[in-house]
Amino acid sequence: MEVFAEYLAQIKAPQHRTRMEKVLEWVGRTFRELEPKIAWNQPMFTDHGTFIIAFSAAAKHLAVSPERAGMEHFTQEIAQAGYGQSEMLFRIPWDKDVDYPLLHRMIAFNRTEKAHCKTFWRSKT
């Protein structure tokens with residue numbers, strides 16, 4: 001996924017870069033209809049111009065943001081996976097496995113919930 005090449009090149013730790021690349025490639029392969037892009041200096045995927053999910057690399061973890069509604073809907077599953085979380089993202093430690101089935105459910109949820117969304121972010125109303 002060439003759109004992410006510059007972002008990936010900035011990740012200093014090779015094992016972190018490889019992990020991030022693997023996750024991004026998995027999303028791209030699994031959800032081919034999503035558009036990969038860089039926005040707000042992070043890799044993300046959109047569907048018909050609306051935000052679906054974003055990723056970013058930090059020193060100790062890979063951060064995943066499925067938007068607040070996704071966080072609220074999956075908060076228990078995120079906790080059960082052993083990931084730390086905030087209102088807008090959850091953190092997968094670099095030394096912990098990625099729960100791909102959970103990512104799949106989150107992306108599918110956002111696609112379904114935002115199927116008719118005409119804005120980038122969900123409406124606050």
Side-chain angles (χ1 to χ4, degrees):
M1 302 191 118
E2 290 193 30
V3 69
F4 299 135
E6 188 175 327
Y7 180 88
L8 290 166
Q10 296 174 23
I11 300 173
K12 292 184 181 9
Q15 66 273 29
H16 299 175
R17 184 172 46 253
T18 299
R19 166 70 68 90
M20 178 68 81
E21 186 172 22
K22 182 178 177 185
V23 169
L24 296 173
E25 286 177 352
W26 176 85
V27 174
R29 263 191 335 270
T30 307
F31 295 93
R32 294 185 186 277
E33 61 282 354
L34 295 183
E35 179 186 352
K37 65 189 292 182
I38 296 286
W40 290 277
N41 196 33
Q42 62 183 341
M44 65 177 53
F45 291 86
T46 62
D47 188 11
H48 68 277
T50 190
F51 176 87
I52 299 299
I53 197 161
F55 302 89
S56 60
K60 296 181 179 184
H61 62 266
L62 184 157
V64 182
S65 177
E67 207 172 0
R68 185 178 309 225
M71 289 299 301
E72 290 171 357
H73 188 80
F74 291 97
T75 191
Q76 294 297 329
E77 289 184 60
I78 294 166
Q80 288 171 351
Y83 302 146
Q85 59 186 303
S86 68
E87 284 184 12
M88 298 298 287
L89 61 84
F90 67 97
R91 297 171 292 279
I92 304 172
W94 292 116
D95 62 351
K96 192 161 181 67
D97 289 339
V98 174
D99 187 336
Y100 286 101
L102 175 58
L103 281 180
H104 192 283
R105 288 189 300 278
M106 288 180 157
I107 293 168
F109 170 80
N110 273 347
R111 290 194 67 230
T112 299
E113 288 284 307
K114 297 183 81 178
H116 302 290
C117 186
K118 306 240 187 277
T119 58
F120 191 75
W121 304 112
R122 282 176 172 89
S123 172
K124 298 198 191 294
T125 58

*Asks:* Within the structure provided, determine whether M71 and P66 are in side-chain contact (heavy-atom separation under 4.5 Å).
*Replies:* yes
*Asks:* Checking H48 side chain against K114 main chain: does a donor-acceptor pair fall under 3.5 Å?
*Replies:* yes
*Asks:* Determine whether more than 12 heavy atoms belonging to other residues, nucleotides or ligands lie under 6.0 Å from atom CD of Q76.
*Replies:* no
*Asks:* Determine the sole option in F51, F31, F4 for which the ring pair (Phe, Tyr, Trp, His ring centres under 6.0 Å) test with F45 is passed.
*Replies:* F4
*Asks:* Would you say L8 and L24 make side-chain contact, with heavy atoms under 4.5 Å?
*Replies:* yes
*Asks:* Following the transitive rule for hydrophobic clusters with a side-chain heavy-atom cut-off under 4.5 Å over Ile, Leu, Val, Met, Phe, Trp and Tyr, establish whether I53 and Y83 coincide in one cluster.
*Replies:* yes
*Asks:* Within the side chain of Q85, is there an N or O that forms a donor-acceptor pair under 3.5 Å with the backbone of T75?
*Replies:* yes
*Asks:* Taking everything shown except E87 itself, do over 12 heavy atoms lie less than 6.0 Å from its CD?
*Replies:* no
*Asks:* Going by heavy atoms in the side chains, are H104 and W26 under 4.5 Å from each other?
*Replies:* yes
*Asks:* Check whether E67 reaches the backbone of R122 with its side chain - one donor and one acceptor, N or O, closer than 3.5 Å.
*Replies:* yes
*Asks:* Does any N or O in the side chain of S65 come within less than 3.5 Å of the main-chain N or O of M88, such that one atom is a donor and the other an acceptor?
*Replies:* yes
*Asks:* Honestly curious: do M44 and L102 fall in one hydrophobic cluster under the side-chain, below-4.5 Å linking rule?
*Replies:* no
*Asks:* Less than 4.5 Å apart, any side-chain heavy atom of F120 and any of T50?
*Replies:* no
*Asks:* Is the count of non-hydrogen atoms from other residues, nucleotides or ligands lying under 6.0 Å from Q15 atom CD greater than 12?
*Replies:* yes
*Asks:* Drop me the distance from R68's CZ to L89's CG, to the nearest 0.5 angstrom.
*Replies:* 11.0 Å
*Asks:* Would N110 and H73 satisfy side chain to side chain contact (heavy atoms under 4.5 Å, CB included), going step by step from the backbone distance to the final call?
*Replies:* CA-CA 10 Å; N110 273 347; H73 188 80; over 6 Å; no
*Asks:* Could you go step by step and tell me if I107 and L34 meet the side chain to side chain contact (heavy atoms under 4.5 Å, CB included) rule?
*Replies:* CA-CA 10 Å; I107 293 168; L34 295 183; 3.9 Å; yes
*Asks:* Do E35 and V3 pass the side chain to side chain contact (heavy atoms under 4.5 Å, CB included) test, and can you show the C-alpha distance, the side-chain angles, and the key distance before you say yes or no?
*Replies:* CA-CA 10 Å; E35 179 186 352; V3 69; over 6 Å; no
*Asks:* Could you tell me whether the side chain of V23 reaches within less than 4.5 Å of the side chain of L103, counting heavy atoms only?
*Replies:* yes
*Asks:* Go through V98 and R19 one step at a time and tell me if the side chain to side chain contact (heavy atoms under 4.5 Å, CB included) criterion holds.
*Replies:* CA-CA 9 Å; V98 174; R19 166 70 68 90; 3.4 Å; yes
*Asks:* Any side-chain heavy atom of Y100 within less than 4.5 Å of one from K22?
*Replies:* yes
*Asks:* Can you get from F90 to V27 by hopping between Ile, Leu, Val, Met, Phe, Trp and Tyr side chains that sit under 4.5 Å apart?
*Replies:* yes
*Asks:* So, for A58 and W94, which heavy atoms are closest and what is the spacing to 0.1 Å?
*Replies:* O-NE1, 2.9 Å
